[in-house]
Protein chains: 2
Amino acid sequence: MNTPDTRERLLDAAQKLFVEHGIDATSLRNVTTDAEANLASVNYHFGSKDELIQAVFARHLEPLNKERIRLLDELEREAGDTPLYLETTLEAFLKPTFEMMQNQKSREFVCLLGRLFTESSELKMLIMHQFQEVQKRYFAALQRTLPHLGIIDLSWRVHFMIGAMAHTFAVPEKLSIPSSSEAYNLTEESIMQHLITFAAAGLRAPVPSQTNGDNQK
Amino acid sequence: MNTPDTRERLLDAAQKLFVEHGIDATSLRNVTTDAEANLASVNYHFGSKDELIQAVFARHLEPLNKERIRLLDELEREAGDTPLYLETTLEAFLKPTFEMMQNQKSREFVCLLGRLFTESSELKMLIMHQFQEVQKRYFAALQRTLPHLGIIDLSWRVHFMIGAMAHTFAVPEKLSIPSSSEAYNLTEESIMQHLITFAAAGLRAPVPSQTNGDNQK
DNA sequence: GTCTATAGCATGATAGAC
DNA sequence: GTCTATCATGCTATAGAC
């Protein structure tokens with residue numbers, strides 16, 4: 001059927017408008033108009049704008065993170081006691097999101113997710129705790145794969161990788177490209193491979209001999 | 001004197017509140033209250049909220065990009081015809097921003113800048129064209145340093161590096177750190193070195209043998 | 001569950017005295 | 001340049017008919 005539940009239509013409209021204009025700049029009027037629903041429907045179905053926002057995230061975030069955990073479980077079961085191959089770990093982490101980008105609607109969500117990091121801290125905090133397990137598990141896996149890296153080095157490198165990933169999700173246009181109109185439409189799979197190559201090299205980089213005396217306070 | 005121009009106080013207040021709560025969520029009332037100025041003063045000094053926003057960016061962005069160009073000019077003059085060393089180029093690009101982070105007020109600006117990428121497209125477009133020259137110059141320098149990389153590979157890798165940088169600027173708390181309270185307060189200089197190590201390795205990574213047939217449409 | 005109507009408030013902007 | 005007062009608009013949320 002081409003007209004899903006009002007509830008679903010509201011979520012779709014909200015997600016689309018959040019990506020287009022930002023969360024704050026999107027009013028309930030915009031949402032209900034776009035969803036061809038009544039102004040009061042948001043409050044009926046979700047209670048408030050805040051709860052609508054959370055519902056938009058909750059809808060896709062839980063399955064996404066479950067899948068990331070599932071893939072890591074599988075890899076670790078296969079590998080037994082040996083540490084995972086770096087690229088394999090990164091692929092398990094990234095693949096679920098890049099697969100979401102195949103579908104238009106969940107692609108919007110990935111974009112929204114990429115922007116979450118720079119949202120107002122109240123919202124960010126609320127959503128971020130859903131990443132706790134994923135973060136803990138993957139960080140531990142990376143520690144086993146890169147045992148020579150101290151926790152500070154690894155933390156920063158993971159931070160940088162998250163940044164590269166979030167930016168790739170959040171910014172669809174490639175600003176860094178000088179000439180404008182060429183065939184830059186790589187497949188998602190190929191973009192993911194580029195990102196894995198970049199991040200794996202960054203994570204594996206040798207630690208510079210002397211990292212200033214400001215670690216270990 | 002400890003009370004600068006109203007104009008300056010408005011810019012300071014706006015910048016601070018933009019970082020704290022986001023641009024959209026900050027009202028002119030918030031700004032004028034924080035600046036201990038009159039509600040009408042924003043419209044007197046800037047004409048509108050939009051122009052205030054642009055002024056906040058313009059104040060620091062122009063000197064920042066001028067400095068990036070100046071450093072690159074200097075390096076290229078010294079190097080003559082030989083391509084620059086990768087780490088040196090990255091440092092010239094990053095140093096001006098990391099130096100801004102030493103001072104509290106311009107640190108706020110750097111944070112705002114990191115978030116610019118994920119702002120609503122109208123504002124982004126408006127500010128982004130100020131980066132054109134910096135982008136063009138540094139991209140060309142990187143091409144000379146990494147001649148073996150095709151333009152597509154280099155573009156993506158630069159994209160990832162920009163993401164890592166923006167995330168580092170925009171997200172002060174390090175989310176990726178598992179244990180919470182340790183001495184993670186590295187100096188700006190040291191953080192920059194971590195980022196340079198990561199990005200340089202990512203940029204230098206060997207190109208995987210076969211990058212799927214989807215380039216060259 | 002859906003709709004209209006509206007309360008209650010905050011917003012950006014401006015007019016006009018000083 | 002600074003202030004007060006105010007306008008018109010848009011917002012979230014709710015009450016109550018259907």
Minimum-distance nucleotide (side-chain atoms of B:Asn38 versus D:dA13, D:dG1, D:dC3): D:dC3
For atom CG of A:Leu39 and atom P of C:dG1, their distance in whole Å: 19 Å
Whole-Å distance separating the CZ atom of B:Arg7 from the C1' atom of D:dT2: 16 Å
Sugar-phosphate, base or nothing in reach of B:Thr6, heavy atoms under 4.0 Å: sugar-phosphate
A:Tyr44 OH to C:dC3 P, straight-line distance once rounded to whole Å: 12 Å
Nearest-angstrom distance from the residue atom CG of A:Asp5 to C1' of C:dT2: 14 Å
Side-chain heavy atoms of B:Leu90 within contact of B:Met161, under 4.5 Å: yes
Residues B:Thr6 and B:Ser41: side-chain donor-acceptor under 3.5 angstrom: no
Minimum-distance nucleotide to B:Ser27 side chain [options: C:dT4, C:dT2, C:dG12]: C:dG12
Atom pair distance, as rounded to whole Å: CD in B:Glu8 and P in D:dG1: 13 Å
A:Lys49 NZ - D:dA13 P separation (whole Å): 9 Å
Atom pair distance, as rounded to whole Å: CG in A:Leu28 and C1' in D:dT12: 6 Å
Exam field: side chain B:His60 to backbone B:Val56, donor-acceptor pair closer than 3.5 Å: no
Nearest-neighbour nucleotide for the A:Asn43 side chain, D:dT2, D:dT14, C:dA13 considered: D:dT14
Crowding at CD, A:Gln130 (>12 non-hydrogen neighbours, <6.0 Å): yes
A:Arg29 CZ - C:dA5 P separation (whole Å): 13 Å
